2 protein chains.
Amino acid sequence: MQSSHRNLTQQLVHELGTNILAGKYSADDAMPSEADICDQYGISRTATREAIKMLTAKGLISSRPRQGIKVLALKHWNLFDSDVLSWILTGKPDLKMLRYFLQLRLAIEPEAAYLAAQYASPEALKEIESALARMQQATNGYDDSHEADIEFHKSILRASNNPFYQQLQVFIETALKVNIRFTNRMKAVTEDEYQAHVTIFEHIKNHRAQAASDAALITQKATLAIVDDKLNKLKK
Amino acid sequence: MQSSHRNLTQQLVHELGTNILAGKYSADDAMPSEADICDQYGISRTATREAIKMLTAKGLISSRPRQGIKVLALKHWNLFDSDVLSWILTGKPDLKMLRYFLQLRLAIEPEAAYLAAQYASPEALKEIESALARMQQATNGYDDSHEADIEFHKSILRASNNPFYQQLQVFIETALKVNIRFTNRMKAVTEDEYQAHVTIFEHIKNHRAQAASDAALITQKATLAIVDDKLNKLKK
DNA sequence: ACAATACTATTTATAATACAAATAAAAACA
DNA sequence: TGTTTTTATTTGTATTATAAATAGTATTGT
């Protein structure tokens, strides 16, 4: 178990969480009992149980007398929990997972742009604009373009003025990171991509909600189409 | 603390969770310490700490030495956690909250219908159809129409074949329950509403993805417009 | 007077032990 | 064979003790 600034319980949560997401305990009954975990990691039952409770709260496992600890089915997992999302990222997501992410981004982001155009505060607008500026600098090599890209998408969610959309920031961030990993570009964001982002921002700034939504939709559809295509070819 | 079939830790999680969502500890430092909670509910530190860890895992609180336990800002809460959603429902959500729900449903449900039209399995289609049948029976007074309505919307999410959309079943269910509470209808779902649902199903069944999405969108927009209107009038 | 440092008190973090409760599996029984 | 009882295993709860972290206070040196 890696040493760290975090306490024992949190370290164990992280360790077991990554293992579960990596499918290490998929053999159904392969999840160790409380006592096993204590032995294996050399820590007390107190810390172990608290870690187990945290994973239970995130929907990853169940823990009952005599039955022991079991990894639950995927449908019980809190997939929008930021820890769970970070563990997905650790666990080598495949193309299918990328498609799942894109399919939800396609729903979320255009509507978030719509809401941002309606409700964004001046401060929220400034945040979007500053992320955009960082992207431009990055095309000149002065900044990390992908980081700025992520910040742009997150700032629109914040501008939506809706706590549910705001909560989805980590989801979108993870989706973008998975996407970046697959497109495998060491290269920065292209000029075309940057211009598409500028268009979205201009529409938001000028309160053209439907136009902002449409502009966001187009990019999403294009990206998803490419991945759908790849997956269809793989099937053959 | 209500007695129940659940164990002490789970009872305490529920108790504290509902209190937090009800804004009982909003006074910043009003959250009691471990020792206080033990006294107040007459239970051991073990059970108390495990409950605190579960609430921490859901993003509701933080707990650090010397600082004690604090309710975190809304943006840290895992709003898509099914427990948190159930506690929102307990906590008398207002019109603004209903709008937040509707704004996200507007994004999710049309796209879910789109995906269902593309990917639904025969079994998934049967589930949608059977929910629809229950709605029709309900117009004749033989079933709970709202329950059937909720089941209809959830079955489309399941049919999407995407774990993220499937995970949002509890969110949509909660959104519908909040909506039902506000429209305050003792009456069943109307014939018009039922027909709108039939249309969506037919499009899904016949793989007309865009038509299914559009049909789902129309109802959502109408509902949101009504609530937006109410809120605007309240501001004046 | 001020800044840096050391101290102290409070609260959570971890460990260890003991026993209670739940329950799956095995044994006894009708 | 089907039902009931027993048993063994695993988690649930309680208690006590000590360690670690840290906000607030006091001290010290300049």
Side-chain angles (χ1 to χ4, degrees), chain A residues 1-17 19-20 24-25 27-73 76 83, chain B residues 1-17 19-20 24-25 27-73 76 83:
Chain A
M1 188 158 53
Q2 95 222 315
S3 71
S4 131
H5 62 288
R6 291 177 297 187
N7 62 35
L8 280 179
T9 301
Q10 284 169 349
Q11 284 176 51
L12 184 56
V13 167
H14 186 264
E15 181 84 8
L16 294 174
N19 283 346
I20 290 169
K24 188 169 172 183
Y25 308 116
D28 225 4
D29 51 352
M31 190 87 192
S33 70
E34 273 184 27
D36 293 339
I37 296 173
C38 293
D39 288 354
Q40 193 174 336
Y41 294 98
I43 58 185
S44 73
R45 235 190 116 192
T46 309
T48 299
R49 278 183 59 83
E50 290 180 1
I52 287 166
K53 288 299 166 191
M54 294 188 82
L55 293 170
T56 302
K58 291 176 189 299
L60 295 184
I61 60 177
S62 83
S63 163
R64 288 167 51 198
R66 176 74 215 218
Q67 189 190 64
I69 302 166
K70 283 191 356 187
V71 176
L72 290 178
H76 296 104
D83 287 325
Chain B
M1 187 158 53
Q2 95 222 317
S3 72
S4 131
H5 62 285
R6 291 178 297 188
N7 62 35
L8 279 180
T9 301
Q10 284 169 349
Q11 284 177 51
L12 183 57
V13 167
H14 187 265
E15 181 84 9
L16 294 174
N19 283 346
I20 290 169
K24 189 168 170 183
Y25 308 116
D28 226 5
D29 52 351
M31 191 85 193
S33 70
E34 273 184 25
D36 292 340
I37 296 173
C38 293
D39 288 353
Q40 193 173 338
Y41 295 98
I43 60 184
S44 73
R45 240 191 108 191
T46 308
T48 300
R49 279 183 59 81
E50 290 179 2
I52 287 166
K53 288 299 167 189
M54 294 188 82
L55 293 170
T56 302
K58 292 176 188 299
L60 295 184
I61 60 178
S62 82
S63 163
R64 288 168 50 199
R66 175 75 216 216
Q67 189 190 64
I69 302 167
K70 285 191 354 186
V71 176
L72 290 178
H76 295 105
D83 288 324

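Keep in mind the model is a prediction, meaning the values are calculated, not measured.
At whole-Å resolution of the value, CD1 in B:Ile61 and P in C:dT11 are 16 Å apart. Atom pair B:Gln11:CD and D:dT13:C1' shows a separation of 13 Å (rounding to whole Å applied). Going from atom CD1 of A:Ile52 over to atom C1' of D:dG12 covers 12 Å, rounded to whole Å. Nucleotide D:dT11 holds its C1' atom 14 Å from the CE atom of A:Met31, rounded to whole Å. Rounded to whole Å, the distance from CG on B:Asp36 to C1' on C:dT12 is 13 Å. Taking atom CD1 of residue B:Ile37 and atom P of nucleotide C:dT12, one finds them 8 Å apart after rounding to whole Å. If you measure from atom OH of B:Tyr41 to atom C1' of D:dT13, you get 18 Å, rounded to the nearest angstrom. Residue B:Glu50 contributes atom CD, which lies 15 Å from atom C1' of C:dT12 at whole-angstrom precision.
For A:Lys53 against B:Met54, the heavy-atom pair with the smallest separation is O-CG, 3.6 Å. Minimum heavy-atom separation, B:Ile61 to B:Ile52: CD1-O, 3.6 Å. The two residues B:Thr48 and B:Glu34 make their nearest non-hydrogen contact at CG2-O, 4.0 Å. Taking every heavy atom of both residues into account, A:Arg45 and A:Cys38 meet most closely at CA-SG, 3.6 Å.
At the phosphate of D:dT11, neither OP1 nor OP2 sits under 4.0 Å from any side-chain N or O atom of A:Lys53. For A:Arg49 and D:dG12, the shortest distance from a side-chain N or O to OP1 or OP2 is below 4.0 Å. Look at A:Ser63 and you'll find a side-chain N or O under 4.0 angstrom from OP1 or OP2 of D:dG12.
Taking the nucleotide of DNA chain C with the nearest heavy atom to each of B:Glu34 and A:Arg64, the more 5' of the two is matched to B:Glu34.
In this structure, CG on B:Leu12 lies 13.0 Å from CZ on B:Arg49, to the nearest 0.5 angstrom. With values rounded to the nearest 0.5 angstrom, A:Gln11 atom CD is found 6.5 Å from A:Arg6 atom CZ. Taking OG from B:Ser62 and NE2 from B:His76, the interatomic distance works out to 9.0 Å, rounded to the nearest 0.5 Å. Here the straight-line distance linking atom CG of A:Leu60 with atom CG of A:Leu55 works out to 5.5 Å at 0.5 Å rounding. Atom CG of B:Leu72 is separated from atom OG1 of B:Thr56 by 8.0 Å, given to the nearest 0.5 angstrom.
For B:Gln40, the side chain to side chain contact (heavy atoms under 4.5 Å, CB included) partners at least two apart in sequence or on another chain are B:Pro32. By the side chain to side chain donor-acceptor pair (under 3.5 Å) test, B:Asp36 pairs with B:Ser33, sequence neighbours left out. A search for salt bridge (Lys or Arg N to Asp or Glu O under 4.0 Å) contacts involving B:Arg66 returns nothing, not counting sequence neighbours.
Comparing the end axes of the helix from C:dA1-D:dT30 to C:dA30-D:dT1, each fitted to five base pairs by superposing C1' atoms of four pairs onto the next four, gives an inter-axis angle of 0° (nearest 10 degrees).
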Write out a two-atom table: protein N or O, nucleotide N or O from nucleotides 15-18 of chain C, distance below 3.5 Å.
from   : atom 1 : to      : atom 2 : distance (Å)
C:dA15 : OP2    : A:Ser44 : N      : 2.8
C:dA15 : OP2    : A:Ser44 : OG     : 2.7
C:dA15 : N7     : A:Thr46 : OG1    : 2.9

What protein N or O atoms touch nucleotides 5-10 of chain C N or O atoms at under 3.5 angstrom, if any, and at what distances?
from  : atom 1 : to      : atom 2 : distance (Å)
C:dA9 : N3     : B:Arg66 : NH1    : 3.4

